[in-house]
Asks: 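Please read through the structure below; I'll follow up with questions.
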Amino acid sequence: MLKVKRISTIVSNYKKDDSADVSVGCGRNCLGACCLNGAKLPLYICKKLKNSNTGEKVVANNEAREPPVTFLESLVLGEWEDRFQRGLFRYDLTACETKVIPGKYGFVAQFNECRHLKRPTEFRVDKVLQSFDDNKFNFTKVGQEELLFQFEAGEDDEEAKFFPCMPLDPENSPNVVAINVSPIEYGHVLLLPRVLDCLPQRIDHKSMLLAFHMASEAANPNFRVGYNSLGAFATINHLHFQAYYFAMPFPLEKASSKKMITTDKKVEISEVLNYPMRGLLFEGGNSMQDLSDTVSDICVCLQNNNIPFNILISDCGRKIFLMLQCFAERQALGEVSTEVLDTQVNPAVWEVSGHMVLKRREDYEGATEEKIWRLLAEASVSEERFKEVKDLIFDAISCSNQEEELERTKIHQQNISGSVNQKSNRSNGGPVT
Amino acid sequence: MSITQSLFTSTTEEKEGTFTTLWIKEALDDLPHSFTITDPFLSGHPIVFASPGFLQMTGYSLQEVIGRNGRAFQGPKTNRRSVMEIREAIREERPVQVSLLNYRKSGSPFWMLFHMIPVFGREDGRVIHFVAVQVPITGRKVSNGTGLREMVFGSCRREVCLGSYVHQERVVQVEMDEQDLENWEHCEASESEKLKSAEAVSNVLAVLTRYSEFAGRLVCGKRCCLRGADCLSSSLVISLGRIKQSFVLTNPCLPDMPIVYASDAFLTLTGYKRHEVLGQNCRFLSGVDTDSSVLYEMNECIVKGKSCTVQILNYSNRKDKSTFWNLLHISPVRNASGKTAYFVGVQVEASCRDTETKELRPETRQLSVVGAVRVAVRSSFMVTC
């Protein structure tokens with residue numbers, strides 16, 4: 001189905017209106033309707049995702065030649081460094097000591113006293129699905145200087161495109177990449193799908209696919225994309241993914257796995273083994289879209305069943321870890337040990353993956369593999385719970401397989417009869433293929 | 001990035017490598033000095049090249065020498081301690097200069113000044129070869145037999161310190177008497193002999209570095225750093241190699257803030273070779289017409305640990321020796337300890353500014369280099385070698 005997207009006319013150099021930088025409206029130059037008029041950002045339209053089987057595998061170990069820095073990476077790094085030098089971050093993360101914990105797993109600890117200054121959670125932690133609340137903090141309230149560029153998924157067979165200066169048009173539902181002002185590592189950004197539409201923090205197929213596009217386009221296995229559901233330490237109920245550069249494998253990525261099933265779209269689902277937390281690994285698929293959609297199907301299922309989870313998109317979108325946790329629930333029930341609580345670590349996706357940000361010096365100095373294992377184990381769901389969730393997931397997969405079949409049959413029948421396809425998507429009209 | 005290989009072997013895939021080995025051998029054969037080149041990575045640390053001068057001096061043929069270890073030329077009266085000094089130097093991968101009694105094929109002994117240096121692979125800092133030069137010593141015997149002399153090996157650098165060998169004892173000129181030679185415990189080389197060995201080492205190294213560039217297997221006489229502590233890890237070098245723009249890393253903690261890394265693009269832009277810039281302060285790029293107030297501004301920023309961008313007139317070493325306007329951005333870079341480890345300098349030749357509207361703004365591109373360097377430096381400790 002061809003989607004025709006309305007692209008605003010590129011403002012020519014002669015008509016460029018620099019006065020758009022002047023704060024009007026509420027005076028904070030935010031993303032609200034008050035300040036949006038005249039806002040402009042670079043726009044990056046990436047290539048359409050390749051078939052995962054034919055995509056080039058980028059080898060990340062230091063024996064092989066590393067690929068050159070890509071355009072998207074230059075854009076992210078260049079814009080990030082610009083904000084870094086302009087002092088837009090709450091602290092200089094490069095001044096935070098960091099080390100690898102000796103041991104088999106290679107957990108990484110960072111001593112960061114400033115990150116706890118970041119915005120505290122403003123909503124209840126026992127519900128994965130909550131409606132968007134405009135009164136609470138959301139990303140339309142950030143200053144435009146924190147935004148780096150717009151990011152769109154490309155159409156079929158077209159090369160990536162870049163427009164250095166493109167108006168932000170609410171009618172286009174732009175996706176925006178912004179800095180995380182309390183960064184964990186260099187290049188820590190937020191991917192905000194359809195930011196102006198004010199979607200709550202919940203996975204949908206289109207947004208997940210966008211996150212995949214970003215991971216794939218960066219073409220650097222050190223650039224991971226992550227997601228926290230509500231209840232799994234997402235702190236803001238406005239749809240966002242996170243990403244940053246981390247130049248070694250996460251302990252989670254090194255964990256072994258046991259293959260469980262292959263879906264009929266050829267997505268392979270495995271169980272993560274030898275890791276303090278329980279979760280699943282998704283790989284393969286006839287295409288990256290199939291992989292993305294399968295993961296989305298499962299996330300939707302978990303959301304609907306109020307099961308918190310974290311997602312790590314790794315290896316440029318070829319491997320996805322879906323980790324379950326119940327730390328918040330156990331914390332509320334008083335089941336978490338004081339020792340772990342005292343560290344004040346909230347296990348979000350990066351901690352779950354093995355990158356621990358520690359606020360107290362004694363925790364950093366005394367960090368051992370065993371302590372970190374214990375901390376993550378406290379966040380893990382139990383064996384029984386995991387089994388329940390697995391059953392739920394596999395039901396969902398077989399159901400969605402059946403649904404797809406039904407849809408395909410319906411479309412086929414409709415096309416034969418000549419009626420218009422009612423399949424919902426964001427189309428502004430255009431030829432039906 | 002492949003590990004630098006020996007200059008004297010080539011894999012079957014690398015036809016060019018074979019060619020270069022021939023070229024290197026030809027060039028080395030042209031040198032008048034007596035020297036050998038060994039490969040520490042082959043079993044037995046054998047000789048892989050011997051100069052005509054060496055063959056003449058020792059009376060052996062090439063086939064009799066290639067593949068053998070240097071001890072083949074020692075004999076019963078060779079000073080054990082000197083041999084140990086050499087072995088230590090090999091193990092510690094540093095230069096050594098020692099007088100040594102060797103034996104010719106005929107069995108007759110001769111004293112020579114043995115001057116050996118390590119040769120490092122440019123990309124990875126590994127020792128690829130040892131070059132050993134032999135300068136015959138014309139009979140200067142130390143007068144009294146107070147036993148073994150304390151040779152000042154610690155001061156051995158490739159540029160041999162002449163005059164630093166100060167010996168209190170009288171040195172007496174003695175006639176060369178072969179019968180006695182073996183009984184000398186030590187034979188001191190003259191200043192001019194030491195000069196000769198230094199010159200020979202320098203010439204051999206020059207040939208090796210020049211020809212190794214053709215092969216893409218760059219070597220140099222210094223490990224790509226000034227001190228062991230400052231050697232960039234191979235993982236950092238690999239990460240930095242991904243960045244295709246012109247930039248350098250300098251170390252503000254070392255005296256005179258030398259360059260410790262230079263990208264290929266920097267070398268192309270400035271027309272210098274890597275071994276010419278490493279260890280140097282960046283001021284070699286400035287010249288008569290470079291604005292000193294701009295230099296002052298840069299120094300102020302460095303002292304304060306701040307970033308800055310300046311437009312500065314630089315003098316290249318390109319064929320035309322042209323000057324160029326350098327839009328230079330410098331910034332301090334921290335490593336995993338959280339402390340400033342380096343300064344990065346990113347050069348953009350002002351005349352080459354991108355006017356393409358579809359490209360990144362030049363400022364963004366320049367800053368992206370800084371960002372990529374920050375990621376590389378911060379995480380370099382974490383990647384296990």
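Just so we're on the same page: letters track the sequence lines, and every chain starts at 1.
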Asks: Around atom NZ of B:Lys273, are there more than 12 heavy atoms from other residues, nucleotides or ligands closer than 6.0 Å?
Replies: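 No, not enclosed.
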Asks: So, for A:Leu77 and B:Val375, which heavy atoms are closest and what is the spacing to 0.1 Å?
Replies: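 Smallest interatomic distance, heavy atoms only, reads CD2-CG2, 4.2 Å.
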Asks: So what's closer than 4.5 Å to chain B heavy atoms on A:Phe111: side chain, backbone, both or neither?
Replies: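 For A:Phe111, there is no contact with chain B at all, as no heavy atom is under 4.5 Å.
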Asks: B:Ala341: which residues meet the side-chain contact (heavy atoms from CB on, under 4.5 Å) condition with it, sequence neighbours left out?
Replies: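 Scan of B:Ala341 (side-chain contact (heavy atoms from CB on, under 4.5 Å), adjacent residues dropped) gives B:Asn335.
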Asks: From A:Glu81 CD over to B:Thr364 OG1, what is the distance, rounded to the nearest 0.5 angstrom?
Replies: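 Atom-to-atom, A:Glu81:CD and B:Thr364:OG1 are 11.5 Å apart.
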Asks: Name the region of B:Thr340, side chain, backbone, both or neither, that has any atom closer than 4.5 Å to a heavy atom of chain A.
Replies: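 It is neither, since no heavy atom gets under 4.5 Å.
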Asks: Do A:Leu75 and B:Leu360 touch side chain to side chain, with heavy atoms closer than 4.5 Å?
Replies: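 Of all side-chain heavy-atom pairs linking B:Leu360 with A:Leu75, at least one is under 4.5 Å.
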Asks: Rounded to the nearest 0.5 Å, what separates atom CZ in B:Arg361 from atom SG in A:Cys165?
Replies: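 Between atom CZ of B:Arg361 and atom SG of A:Cys165 there are 9.5 Å.
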Asks: Answer with yes or no whether the side chains of B:His329 and A:Gln85 bring together a donor and an acceptor at under 3.5 Å.
Replies: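 Yes, B:His329 and A:Gln85 have a side-chain donor paired with an acceptor closer than 3.5 Å.
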Asks: Using 0.5 Å steps for rounding, measure from the OG atom of B:Ser307 to the CZ atom of A:Phe84.
Replies: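 Between B:Ser307 OG and A:Phe84 CZ, I get 8.0 Å after rounding to 0.5 Å.
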Asks: Give me each pair satisfying salt bridge (Lys or Arg N to Asp or Glu O under 4.0 Å) with a member in residues 329-340 of chain B, each pair once, sequence neighbours excluded.
Replies: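 Applying salt bridge (Lys or Arg N to Asp or Glu O under 4.0 Å) to every pair that reaches into residues 329-340 of chain B, excluding sequence neighbours, yields A:Asp92-B:Arg334.
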Asks: Determine whether A:Leu93 and B:Arg378 make a side-chain contact, defined as any pair of heavy atoms from C-beta on separated by less than 4.5 Å.
Replies: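 Counting from C-beta outward, A:Leu93 and B:Arg378 do come under 4.5 Å.
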Asks: How close do A:Ser74 and B:Ser368 get, counting heavy atoms only, and between which atoms?
Replies: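 In terms of heavy atoms, the two residues are closest at O-CB, 3.1 Å.
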